[in-house]
Amino acid sequence: MSDDLFNNKLNEEQEDTLTNRQGHPVTNNQNLRTVGNRGPAVLENYDFLEKISHFDRERIPERVVHARGAGAHGYFEAYGTAGDEPVSKYTRAKLFQVKGKQTPVFVRFSSVIHGGHSPETLRDPRGFAVKFYTEDGNWDLVGNNLKIFFIRDAIKFPDMIHAFKPDPITNIQDGERFFDFCASSPESFHMVTFVYSPWGIPANYRMMQGSGVNTYKWVNQEGVAVLVKYHWEPKQGIKNLTQQQASEIQGTSFNHATQDLHDAIKEGDYPEWELLVQIMSDDEHPELDFDPLDDTKLWPEDLFPWLPVGKMTLNKNPDDYFTEVEQVAFGTGVLVDGLDFSDDKMLQGRTFSYSDTQRHRVGANYLQLPINSPKKRVATNQSGGQMQYKLDRAPGQNPHINYEPSILGGLKEAEQDGIEYTPYIEGKLVRESIDRQSNTKQAGDTYRNFEEWERADLISNLVSDLSNCDPRIQVKMIALADEADEEYGRRLREGLAQASTKGSSQKPLGNRDGDKAPDEAVAKGHDADPY
């Protein structure tokens, strides 16, 4: 059949002609096919059925955490050094080696607890996930804005999220549930100190820090490994909000951070972050009063300085939110040669969970989507599963051979580049917490390092929520604050002694008067007659 037939004017089809997914031109997109112009409709409305059935499925299952997000494209430019030394001393990962080398990236910023259209002013950690499209395949650096976490063992993660999410009966976030978990998990107190301070409400995504949170390893060409922590520092400066400021902004917009990111990039004011690392020898470091694999702890900067290794610039907004920001899928197990896992128990648990949830949420072939696929050749023996639309085959590969090893023209293993890292592991299999817990010391350091306005906001926010909690929870939280810092404990105790107990804990975290909103809506509402 001649190609000219497809371009014949009789088809009335141009480049901008609306079609359905089968490629059929749609001649009437305003009206169902009905018996008479009043109906009823007939079952043969194919264009309508395709359109409405797709609409019914336009939302894939929402992320259980980090549902609310914004994203952008950009690039990472390597310095070729880690501080004053060649980066090759520590890692053979190719994206870091050459000064000026650029690697494409996609970044997704997010909040954690609430749904896809929740206000971006809520008190909550913020996600900071970066997908590097390297020449060796993808590397996902999945982290948060804050450099520590609530817990140090992955088995507690579902319980933590359940406690922080809305009550399963009322569907309202409840501070008593939050503090019930935190008071019973003393390792969370350092993170509570950050989250209830202004650091718990970044002003926007451009002006917040990022962190890998977990401890990873770098491996060099000789197979020698070091422990590493990642830190993103915004070149735009850092800005946080008090609870009052956040409430005022929320009164005018619940999308302010997404809008800020989009508008800055659109106007050419490209946000930048410098990537810095902390490096530590790969051992237990008994000289420290904490375990370096503990995610609730900061590594002291005076002992383990921040070494700049590159800079990231975001310079392109997504072409389509759903295709890119919503369907982008990250995983802590997505590493390239020269990067490796540590024994960090949170990292070990996340590495299964992240990729597992992407296969549930987006599908078994989520890595074939353009936003997730590496920008290099892919050749696997994997096939089948929902929504597969191509085969990961190599040129000349025998199509009958979907296994390895084979002598009949199948895929072959790659050669090892560099000496393989082979850590020595010995010990009994146990279910125990780490030894050096030091649950409150760094919380005290953080409290003392806050400026006075930050300390005042922290105490005010804690009192606002704890005053409506069970007294047993209050006692535990005061004890943790006392242990962290004498002033911290005293101010919290005095604040709770003076606070009203007539309110409710059913409100967004740290919000002063959220529990009064239902009555205020009735009192302030205007009467109206039925129509």
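Since we're looking at a predicted model, the values are computed, not measured.
- For T103 and T134, the side-chain atoms include no donor-acceptor pair closer than 3.5 Å.
- A tilted orientation is assigned to the rings of F304 and W299, their planes being inclined by 30° to 60°.
- Taking both residues in full, the closest heavy atoms of M346 and D153 are given as SD-C, 3.5 Å, listed atom of the first, atom of the second, then distance.
- When the ring pair (Phe, Tyr, Trp, His ring centres under 6.0 Å) test is applied to F150, the partners found at least two apart in sequence or on another chain are F164.
- One distance of note links CZ of F179 with OG of S184; it measures 12.5 Å at 0.5 Å rounding.
- Remark: the S281 side chain and the D283 side chain contain an N/O donor-acceptor pair separated by less than 3.5 Å.
- Taking all atoms of both residues into account, the shortest heavy-atom contact from S342 to Q348 is O-NE2, 2.7 Å.
- One finds the CZ atom of R68 at 6.0 Å from the OG atom of S118 (value rounded to the nearest 0.5 Å).
- Taking the six-membered ring for Trp and the full ring otherwise, the centers of Y488 and F189 sit less than 6.0 Å from each other.
- Cation-pi geometry between K375 and Y133 is satisfied (NZ or CZ under 6.0 Å from the ring centre, within 45° of the ring normal).
- Judged by distance alone, with hydrogens and angles left aside, the side-chain atoms of D291 form no donor-acceptor pair with the main-chain N or O of Q437 at under 3.5 Å.
- Using a 4.5 Å heavy-atom cutoff, the side chains of Y90 and E85 are in contact.
- Checked against ring pair (Phe, Tyr, Trp, His ring centres under 6.0 Å), F96 has the following partners two or more places apart in sequence or in another chain: F76, W139, W218.
- Looking at R448 and D445, a side-chain N of the basic residue comes within less than 4.0 Å of a carboxylate O on the acidic one, giving a salt bridge.
- With sequence neighbours excluded, the residues that form a ring pair (Phe, Tyr, Trp, His ring centres under 6.0 Å) with F109 are F128, Y205, W273.
- Here salt bridge (charged side-chain N to carboxylate O under 4.0 Å, His left out) pairs that include residues 126-139, with residues two or more places apart or in two chains, are K94-D136, K101-E135, K131-D140.
- Side-chain contact between L347 and T332 is present, with heavy atoms from C-beta onward closer than 4.5 Å.
- The backbone N or O of A456 sits nowhere less than 3.5 Å from a side-chain atom of S460 that would complete a donor-acceptor pair.
- In this structure, the separation between OG1 on T351 and CG on D356 is 12.0 Å, given to the nearest 0.5 Å.
- Side-chain atoms of D465 and Y196 include a donor-acceptor pair closer than 3.5 Å.
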Distance-only criterion, 3.5 Å: show the donor-acceptor pairs between side-chain atoms of residues 427-434 and protein atoms not counting sequence neighbours.
none

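- Proximity of H262 to K266: side-chain heavy atoms (C-beta onward) are separated by under 4.5 Å at one or more points.
- The shortest heavy-atom contact between P271 and R206 is CB-CG, 3.9 Å.
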Report the C-alpha distance between T440 and H190 in whole Å, list the side-chain angles of each, state the deciding distance to 0.1 Å, and finish with yes or no for side-chain hydrogen bond (donor to acceptor under 3.5 Å, both in side chains).
CA-CA 6 Å; T440 58; H190 193 190; over 6 Å; no
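- Comment: K311 engages E272 in a salt bridge, judged by a side-chain N to carboxylate O separation of less than 4.0 angstrom.
- Residues H256 and T121 bring no donor and acceptor atom of their side chains to less than 3.5 Å of each other.
- Within the model, atoms CH2 of W199 and CD1 of I238 stand 4.5 Å from one another, a figure rounded to the nearest 0.5 Å.
- In this view, D263 satisfies the salt bridge (charged side-chain N to carboxylate O under 4.0 Å, His left out) rule with no residue, not counting sequence neighbours.
- Taking 4.5 Å as the limit, every side-chain heavy atom of E274 sits out of range of all side-chain heavy atoms of W232.
- Counting only N and O atoms by type, the side chains of E120 and T258 include a donor and acceptor under 3.5 Å apart.
- The side chain to side chain donor-acceptor pair (under 3.5 Å) search around S197 returns none, not counting sequence neighbours.
- Contact annotation: the side chain of S373 never approaches that of L367 to less than 4.5 Å [non-hydrogen atoms, C-beta and beyond].
- Counting only heavy atoms from C-beta outward, the side chains of Q250 and L122 approach each other to under 4.5 Å.
- Listed by first and then second residue, the salt bridge (charged side-chain N to carboxylate O under 4.0 Å, His left out) pairs involving residues 209-232 are K217-D282 (not counting sequence neighbours).
- Here salt bridge (charged side-chain N to carboxylate O under 4.0 Å, His left out) pairs that include residues 173-194, with residues two or more places apart or in two chains, are K156-E187.
- More than 12 heavy atoms of other shown residues, nucleotides or ligands fall within 6.0 angstrom of atom CD in E301.
- Separating the CG atom in L293 from the CG atom in N214 is a distance of 10.0 Å, to the nearest 0.5 Å.
- No option in R123, E248, R512 other than R123 meets the side-chain hydrogen bond (donor to acceptor under 3.5 Å, both in side chains) test with Q243.
- Applying the 6.0 Å contact sphere to CG of D302 captures more than 12 heavy atoms from other residues, nucleotides or ligands.
- Between N255 and S253, the side chains place no donor N or O within less than 3.5 Å of an acceptor N or O (distance only, hydrogens not considered).
- Ionic pairing of D289 and K441 is present here: one or more N-O contacts between side-chain nitrogen and carboxylate oxygen are shorter than 4.0 angstrom.
- In terms of modelled atom types and a separation under 3.5 Å, the side chain of E420 and the main chain of Q416 share no donor-acceptor contact.
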Run the salt bridge (Lys or Arg N to Asp or Glu O under 4.0 Å) check on D295 and R152 step by step: do they pass?
CA-CA 5 Å; D295 292 332; R152 59 172 71 98; over 6 Å; no
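- Applying the ring pair (Phe, Tyr, Trp, His ring centres under 6.0 Å) rule to H73 yields the partners F106; only residues at least two apart in sequence or on another chain are considered.
- With a 4.5 Å cut-off on side-chain heavy atoms, Y75 and M312 do not count as touching.
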Apply the test side-chain hydrogen bond (donor to acceptor under 3.5 Å, both in side chains) to residues Q245 and T242: give CA-CA distance (whole Å), side-chain angles for both, the deciding distance (0.1 Å), then the verdict. CA-CA 5 Å; Q245 291 166 338; T242 66; 3.3 Å; yes
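- Under a 4.0 Å N-O distance rule, the pair D417/R92 does not qualify as a salt bridge.
- Within the structure, salt bridge (charged side-chain N to carboxylate O under 4.0 Å, His left out) contacts touching residues 231-246 (residues at least two apart or in different chains) are K147-E233.
- For the pair L298 and F290, the tightest heavy-atom approach, listed with the atom from each and the gap, is O-CZ, 3.5 Å.
- Residues passing the salt bridge (charged side-chain N to carboxylate O under 4.0 Å, His left out) test with R491, sequence neighbours excluded: E452, E487.
- For the pair V309 and Y230, the minimum side-chain heavy-atom distance is 4.5 Å or more.
- To the nearest 0.5 Å, atoms OG1 (T422) and CD1 (I425) are separated by 10.0 Å.
- Under 3.5 Å, the side chains of H231 and Q278 contain a donor-acceptor pair of N or O atoms.
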